[in-house]
Protein chains: 2
Amino acid sequence: MTVTLADVAARAQVSPATVSRVLNGNYPVAASTRERVLKAVDELDYVLNGPASALAAATSDLVGILVNDIADPFFGIMASAIQSEIGGPGGRAGGERLAVVCNTGGSPERELTYLTLLQRQRAAAVVLTGGAVEDAQHKAAMDAKVRKLTDAGTRVVLCGRPQAPETGAIALTFDNRGGGQELTEHLIRLGHRRLGYIAGPEERTTTRHRLEGHRAALAAHGIEEDPRWTVHGRYDRRSGYEATLELLRRDPTLTAVVAANDSVALGACAALRESGLRIPEDVSVAGFDDLPFSVDAVPALTTVRLPLTEAGARAGRIAMGREEPPPGGITSVRGELMVRGSTAGPRA
Amino acid sequence: MTVTLADVAARAQVSPATVSRVLNGNYPVAASTRERVLKAVDELDYVLNGPASALAAATSDLVGILVNDIADPFFGIMASAIQSEIGGPGGRAGGERLAVVCNTGGSPERELTYLTLLQRQRAAAVVLTGGAVEDAQHKAAMDAKVRKLTDAGTRVVLCGRPQAPETGAIALTFDNRGGGQELTEHLIRLGHRRLGYIAGPEERTTTRHRLEGHRAALAAHGIEEDPRWTVHGRYDRRSGYEATLELLRRDPTLTAVVAANDSVALGACAALRESGLRIPEDVSVAGFDDLPFSVDAVPALTTVRLPLTEAGARAGRIAMGREEPPPGGITSVRGELMVRGSTAGPRA
DNA sequence: AACGTGACAGCAAGCGCTTTCTACGTGTCC
DNA sequence: GGACACGTAGAAAGCGCTTGCTGTCACGTT
């Protein structure tokens, strides 16, 4: 039925061992023999049996990429960059690795299960993207799992996620706190004193860090924050829309709205506009991430650009062992404030 | 070193066969025995060896999803929907399948190589999304590969891709031609007679079908098309920006620009605005796909909504054998015209 | 002329699991 | 009370590949 190594061997008049060595190319094989084998492979249309090969060799060429939401370009861009370095077919790398992206949907259980699945497949490496969930129990479970993976020789790289010390993972984190602070400081310098903040889901590190940066900026300028100015939601446009209406209801005198990310900011803009407010004349709006569509918003969105592509590529290279991990196994990547039309001084 | 089935068996005082049966749950095992085994599994922290299991059972729980560009929400949304139905951890389905998305970057070679990799892993199913490349040679190679996969028992589903007859694949195609026609007809009804068209890459089916729909609408209304009115580019914002400037250079009297998709349309809007033209007063703009950000564009984008989530979910279910394939193995999914602020009658 | 030395090729032992077939009680029925 | 079925567990034969080790030549060396 299906063609096996033995079939190829028979046709090429060599032993299975030789065929295997030709295919893996890590053992001297005479040119003439190699040719004969390759010809047989071609004629028989032979396709290696991955599982069998992985079993015998005790390694696989699978590399897992975990993302929170594959429909969100934030993750898509990182995944794309990681994958381009992982190799995969046609990638920059040599070997043919199967880079697979797994969508956790932000669910802690799924995250864990995917890790187990990857462990089960004896993945060569795993890259975890995006913020982590801040639940002590889940964090412990994750750390243990990561520890197990690294112990088993799987390289684990975190991209945009805080370090899990003692787990053997390499971390490339984003300076969300610094970015958040810089962004809010920009608004304060423009003269804003009453700033609404639309945060992401409560329990995520990314959410907390960005919010902390925002608050640090307020504190640094002696602005006392009104609890009504902060609303939590999801990282999507819809959430930004609803949260903004809520914010407006709570305090119609706000002169600026800072959003957890660009999608949320877009939703905020829509809500403001529908409420008859002009941007930035009546209310300034700021986002985070600088996704491709942000520059096309009207007015263009002031935001913090995160080097997603660069960070992803680097994470990919580290995962493949083609770049030295940062000293200490952790490094923080800074964002860059992009001042655009959606922010201006408050109405007089 | 690593814990194996045999270790668990020893600890639970049963045979390896019994452990396997407990884990797979398709054979009667006494409750007390099962419990003992499960306890041992837990204590030993046993993780099944995927490759070994796949080898012995001659099947795997891998499901591949091929996308052209993972950073593009168009694909992200579909992938997300497919994955939610595939199961994956926490998905609606029961079994734990590893749904993996592979990014071809639109490259024919990569597409083929990924298919081989998936074949090598003995994937349970494969879903191909997005348009196909219209190169006779590549098409033949793809068809042959798909044929081989289906012959080997891998279910292959095409989502948003024209049917490859005789390959055994199930096809869910988008009615790009009809959508394109409807969109352009809307513009014509508004009174436009000089319409620019920014197409996608030449050799893609999606590009061709949308363009054909556009031309059909023009023809149906007796409008003779000027060859200068069509520019080809990529499916991204940058391309839309550049193509629009080119279009304006070629014929500054155009009153409408139809874009290959929403990202392109956004780029077009930016270019028009920078050229001092108002939307829709001076020039109307229309997109395709209705991605989430399109409604937030200013003015909101008139476009054709494609039911990406529904189609993806359906493709996923079919791939899992949980839904009957459409009769004849192919069905066309219609888009819905969304008329919004970016289109209006031409200036008088 | 005998012998070390590479360069290749083959043998065979697994890798860790699944699954068919067989074996062994019990409970049941006539 | 013996035959039979039923429910459950084990033995063992692979699944298709990799790789350590063992040949076997054809040379070059002394």
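Here the structure is a predicted model, which is why all the values come from computation and not from measurement. Numbered from 1 within each chain, the chains take letters A, B, ... in sequence-line order.
Residue order along DNA chain C, read from the 5' end via each residue's closest nucleotide, puts A:Ala31 first among A:Ala31 and A:Ala17. Both A:Thr18 and B:Ser32 lie close to DNA chain D; mapped to their nearest nucleotides by heavy-atom distance, the more 5′-ward contact belongs to B:Ser32.
Between D:dT18, C:dG16, D:dT8, one nucleotide has an atom nearer to the side chain of A:Leu5 than all others, and that is D:dT18. For B:Tyr46, counting side-chain heavy atoms from C-beta on, the closest listed nucleotide (C:dC8, D:dT19, C:dG16) is C:dG16. The nucleotide whose nearest atom lies closest to any side-chain atom of B:Asn26 is, among C:dT19, C:dT18, D:dT19, C:dT19. The listed nucleotides are D:dG16, D:dT19, C:dT20; the one nearest the side chain of B:Arg21 is C:dT20.
Taking atom CG of residue A:Asp61 and atom C1' of nucleotide D:dT18, one finds them 14 Å apart after rounding to whole Å. In this structure, CG of B:Asp7 is placed 12 Å from P of C:dC15, rounded to the nearest angstrom. Atom CD in A:Gln13 sits about 13 Å away from atom P in C:dA9, given to the nearest Å. Rounded to an integer number of Å, the gap from B:Leu48 CG to C:dC17 P is 6 Å. Rounded to a whole Å, the CG atom of A:Asn49 is 17 Å from the P atom of C:dG16. Atom pair B:Leu55:CG and C:dC15:P shows a separation of 13 Å (rounding to whole Å applied). One atom, CZ of A:Arg120, and another, C1' of C:dG16, lie 14 Å apart when rounded to the nearest Å. To the nearest angstrom, P of D:dA9 lies 13 Å from CD of B:Glu35.
The shortest distance between the side-chain N/O atoms of B:Ser20 and the OP1/OP2 oxygens of C:dT18 is below 4.0 Å. Close to D:dT18, at under 4.0 Å from its OP1 or OP2, lies a side-chain N or O of A:Asn24. Taking 4.0 angstrom as the limit, B:Thr33 places a side-chain polar atom (N or O) nearer than this to OP1 or OP2 of D:dA9. Between A:Ser15 and C:dA9 there is no side-chain polar atom (N or O) within less than 4.0 angstrom of OP1 or OP2.
Heavy atoms of B:Ala58 sit nowhere under 4.0 angstrom from any nucleic acid atom.
Residue A:Tyr27 places no side-chain atom within donor-acceptor reach of the base of C:dA7, judged by atom type and a 3.5 Å distance cut-off alone.
Salt bridge status for A:Lys139 with A:Asp143: present, with a side-chain N to carboxylate O gap under 4.0 Å. A salt bridge does not link A:Arg317 with A:Glu310: none of the charged nitrogens is closer than 4.0 Å to a carboxylate oxygen.
Within the model, atoms CZ of B:Phe75 and SG of B:Cys159 stand 10.0 Å from one another, a figure rounded to the nearest 0.5 Å.
In this structure a side-chain-to-backbone donor-acceptor pair under 3.5 Å is missing from B:Arg122 to A:Gly50. Distance alone, capped at 3.5 Å, is enough to place a donor-acceptor pair between the A:Arg322 side chain and the A:Glu85 backbone.
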